[in-house]
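Any value given below was found using the heavy atoms of this structure, including those in side chains, with hydrogens, waters and symmetry copies removed. Residue numbers start from 1 in every chain, and the chains themselves are labelled A, B, ... in the order their sequence lines are given, proteins ahead of strands.
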There are 2 protein chains.
Amino acid sequence: MNRSNHTQHDRSIGADFLHLDPADAPHGGLTDWLTDRIRTAITDGDLPRGSVLPATRTLAADLGVSRGVITEVYRRLAEDGHVRGQGRAGTVVMTGSATSLPHPHRPDPTAPRPLFHPTPGPEVFDHLRRAQAHLDLSPGAPDLAAFPRAAWLSAERSVLTDTSATELGYGDPRGTPALRSAVADWLTRTRGIRAHPDQVVIVAGTAQALALIARTLGEEGVDTVAVEDPGSLGVRQHLNHAGLRTPPVPVDEQGLDVDALRATGARAVLTTPAHQFPTGVVLSGDRRRALTRWAREGGLVIEDDYDAEHRYDRPPVPALASVVPDRVCYTGSVSKLLAPALRLGWTVAPPHLHDALVEGKRFSDLGNATLPQLTLARLMASGALERHLRVLRARHRRRRDTMIEALRAHLPGARVHGAAAGLHLTLTLDTPVPDTDLAALALERGVKTHPLTWHRQRSGPAGLVLGYAGRPETAIREGVAVLGAVVTDLAR
Amino acid sequence: MNRSNHTQHDRSIGADFLHLDPADAPHGGLTDWLTDRIRTAITDGDLPRGSVLPATRTLAADLGVSRGVITEVYRRLAEDGHVRGQGRAGTVVMTGSATSLPHPHRPDPTAPRPLFHPTPGPEVFDHLRRAQAHLDLSPGAPDLAAFPRAAWLSAERSVLTDTSATELGYGDPRGTPALRSAVADWLTRTRGIRAHPDQVVIVAGTAQALALIARTLGEEGVDTVAVEDPGSLGVRQHLNHAGLRTPPVPVDEQGLDVDALRATGARAVLTTPAHQFPTGVVLSGDRRRALTRWAREGGLVIEDDYDAEHRYDRPPVPALASVVPDRVCYTGSVSKLLAPALRLGWTVAPPHLHDALVEGKRFSDLGNATLPQLTLARLMASGALERHLRVLRARHRRRRDTMIEALRAHLPGARVHGAAAGLHLTLTLDTPVPDTDLAALALERGVKTHPLTWHRQRSGPAGLVLGYAGRPETAIREGVAVLGAVVTDLAR
């Protein structure tokens, strides 16, 4: 089992790393010398796989050398596979210590990382998905058994009847007009966003929206997007893969700490204001105003509105994009409404980013597939999606209540967060045992969860993130009972 | 009408451009001076929008300065929106001459580029698609009216019946096992490729395959992919957008000139060996052997097998990927088999690139949508796709014959290329009139085509690329008659 120390998981390295002093470099050989020093640090294991090197700007300033030198050093390290980066944006150590380097893009087979490592690699969700488990309480999906198969098939039948041959050719990279209209209506009705269909870009889920936004921001010279902490590991991985640094901003019971955001100096932030992931906090009115002010002063907000439609106690707060549309890149998807497997989402970008996003979408895949877009447009326009959502909401609420009740019975010491909305709960535990160990033992006993550590950059209380939406009540009770036993057994 | 001189359409600029001499720079101010010189050249219009700046390596060597200086200069130009680039790869001029710069990602509204410009911008296919025309003879799609709607719906019905709730969650970024198996079988049967399902990666069409391959190659330090000339404009745009330079390699009646490929020094080439686009040449045995040799010596081939299944006279030649699988990135899609709107394709990469491609796919969109993948898998496994293809082939062949006959009647001076296979013909014309003008006048008279110039980097005879697959025979005859009149009228 993995009991590694995880009090510090910030993977980014200070600029004073390795105590580099350019005065040590031979005359005229600064670039060679610096490349060699960092390469040695990587192969010696001083810079472990996954470490983020300082931004070229930062390191250049710190060492008092030109930024071009640092850029060239990073380029050479990228060419021989030690790091991976994208020009001026963040640069991640790819290889670990080894005398002969493995292929840069293959994980070293001699050192497999355990599934529940505090700083998991990019394949972690694949591994978790493939792991055998009797009861899956991992978060991330609505009740998939409720997927409206008959309504989907029936909508698709009428789409296949009505669609012209021309529409089966290459289409608008922004998406079909029918779906862009349906989404614009949906956003006005449910999220208070007044978007014209021409502002909507249909994407292959939030993952693609993040990739496109990250690329666009990179082209604008933005190399840093602050993120909530705790905050979604998957989102952070996507931003990091795109070469962006993701400094953590604390989340408290009012939501994102906007003063701390200011202190990072980041020009952009990714946030989940309607229902923070994973804590479930709704951004308070004060913080909302502070964040709006920050945005009006030039900040850019990426609003990941991942499950706002699942509020149980009252209508969800309007999206930030409804307040400062010129400073918000809004993203949503059907992953939590219908099914992640549809890979369908949307983004509404501020006018100054719109064209670049569309160009990014064009050169990613020429636009989403047409038939599923038209099918979804019918489900949205006919009211079938809203009916489905009402059914889901009632069912999810019962399951949430069941999970809270089971947690009270089996884990009375746990604090439960984020119960007012959504598809998951987060619990924090007063235990010295790393939550990666809790999750690992739970999986051994047949229950799949996320350790809260996965979704943290800074240290904090141990915890678990538990999805309830997709499980029958008996399974929820049974799974939570296993978790109770796991916590008890590991505390001994 | 656009009669601009188009004897030279290579958009990349020699390193001696602007007669820069670093000796002119003030002491210690080389970077500032060089940035300023290039910026002035852009705003003065000496470097028009769309020009490709030399690679940093090339310009650094030419000017006798460190590559870091050039990198920094390009970075500054990118930050203020004059160019767009990606680190070490190609860098394209984005803004035109203007006293106040428009937003970097918005085309200058005061200077709209005509549709039939010899070096079209990224939106050209959108504009062509939206253009009103009575008869669409542009290439790129099979007969979409033949799309097997009933078979698709019926396969999807059984998919919706059989698919588990779990399969509606997040899936394998490589694609569903069912489709990867079906594609592996298909490739073995139709293209001679022995691929294990685990080597197949399902992608959103060839466009996405190219984006993923380009990114992977970029990470490997490859900044150049040679392309066929003439060769697909769309493919070239995708590679350029990904930051790759695309030096042209001539195509003659034997196909790609492998000696000329060697002379470019490129480590990678994109080719369409089964049916070259747009000339329709099949790579000869000698050239095939020469290309295979080049690949075995370390070259990487990107094989865009876009319409190999549409051979009329005999079975298609096996894919290059069947001969040198370790050196070929193979891509195919259903765009020419079923419909581009499905956005479904596959790639089989050499083992050393596979993992990086999968990682690229994961971080692009977490994998293709599941339901269409499973539906296609059924159509492939049941033989329905093969039956559809037989129907298409017979219909396309009749339309091809009709077009050839009409061309003989209305354009007796035209040379017709590439009639043995595919969905389009290319004709070359002995006329001094730019083919962009021919295409523009044809569109004015209601007929949509591609000027051959779009698909060229070097100059060559005027020509048109004409799709016949999607049009009834009467429309083909009518459209070709219009083209005959256009050529006659413009030659006057």
Side-chain angles (χ1 to χ4, degrees), chain A residues 31 66-69 71-72 75 78-79 84 86-88 103 105-106 122 125-126 129 140-141 144-145 147 149 152-153 156-157 160 165-173 204-205 207-208 211 219 221 238 241 339-343 352 355-356 359 362-372, chain B residues 66-69 71-72 75 78-79 84 86-88 103 105-106 122 125-126 129 140-141 144-145 147 149 152-153 156-157 160 165-173 204-205 207-208 211 219 221 238 241 339-344 352 355-356 359 362-372:
Chain A
T31 307
S66 96
R67 190 165 163 196
V69 168
T71 308
E72 173 63 15
R75 191 194 62 76
E79 271 195 1
R84 175 184 291 181
Q86 295 171 309
R88 63 184 178 277
H103 185 277
H105 300 307
R106 288 193 181 169
F125 295 112
D126 289 347
R129 194 176 53 248
L144 297 171
F147 183 80
R149 297 171 190 235
W152 185 271
L153 189 68
E156 178 140 357
R157 181 185 300 110
L160 278 165
T166 307
E167 287 177 281
L168 296 173
Y170 293 97
D172 189 325
Q208 186 176 56
E219 286 165 354
H238 274 81
H241 179 83
L342 295 176
R343 309 309 308 128
H352 73 286
D355 290 356
E359 190 167 321
R362 173 187 292 113
F363 286 113
S364 292
D365 56 18
L366 297 177
N368 265 54
T370 301
L371 297 178
Chain B
S66 97
R67 189 164 163 198
V69 168
T71 306
E72 173 62 16
R75 190 192 63 75
E79 271 194 2
R84 175 184 291 182
Q86 295 172 308
R88 63 183 178 277
H103 185 277
H105 301 307
R106 287 196 183 169
F125 295 110
D126 289 348
R129 192 176 54 248
L144 297 171
F147 182 80
R149 296 171 191 236
W152 184 270
L153 188 67
E156 177 139 357
R157 181 184 299 111
L160 278 165
T166 308
E167 287 177 281
L168 296 173
Y170 292 97
D172 189 325
Q208 186 176 55
E219 287 165 354
H238 274 81
H241 179 83
L342 295 175
R343 309 309 308 126
L344 257 172
H352 73 285
D355 290 357
E359 191 168 321
R362 173 187 291 113
F363 286 112
S364 291
D365 57 17
L366 297 178
N368 264 54
T370 301
L371 297 178

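Between A:A356 and B:R84, the closest heavy-atom pair is CB-NH2, 4.3 Å. For the pair A:D365 and B:R343, the tightest heavy-atom approach, listed with the atom from each and the gap, is O-NE, 2.9 Å. Contact record, A:P340 with B:G169: CB-C, 3.8 Å, taken as the closest heavy-atom pair.
Using a 30° and 60° split on the angle between ring planes, B:H238 and A:F363 fall in the perpendicular class, above 60°.
Your options are B:T370, B:V69, B:N368, B:L153, and the one with the most heavy-atom pairs under 4.5 Å with chain A is B:L153. Interface remark: of the candidates A:G367, A:S364, A:P372, A:S364 forms the most heavy-atom pairs closer than 4.5 Å to chain B. When A:A204, A:G205, A:P122 are compared by the number of non-hydrogen pairs under 4.5 Å with chain B, A:P122 comes out ahead.
For B:R129, the side-chain hydrogen bond (donor to acceptor under 3.5 Å, both in side chains) partners two or more places apart in sequence, or in a different chain, are B:D126. For B:E156, there are no salt bridge (Lys or Arg N to Asp or Glu O under 4.0 Å) partners two or more places apart in sequence or in a different chain.
Proximity to chain A involves both the backbone and the side chain of B:Q208, based on heavy atoms less than 4.5 angstrom apart.
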Criterion side chain to side chain contact (heavy atoms under 4.5 Å, CB included) on B:W152 and A:L371, from CA distance to verdict: CA-CA 11 Å; B:W152 184 270; A:L371 297 178; 3.9 Å; yes

Stepwise side chain to side chain contact (heavy atoms under 4.5 Å, CB included) check, A:L168 with B:L342: CA-CA 8 Å; A:L168 296 173; B:L342 295 175; over 6 Å; no

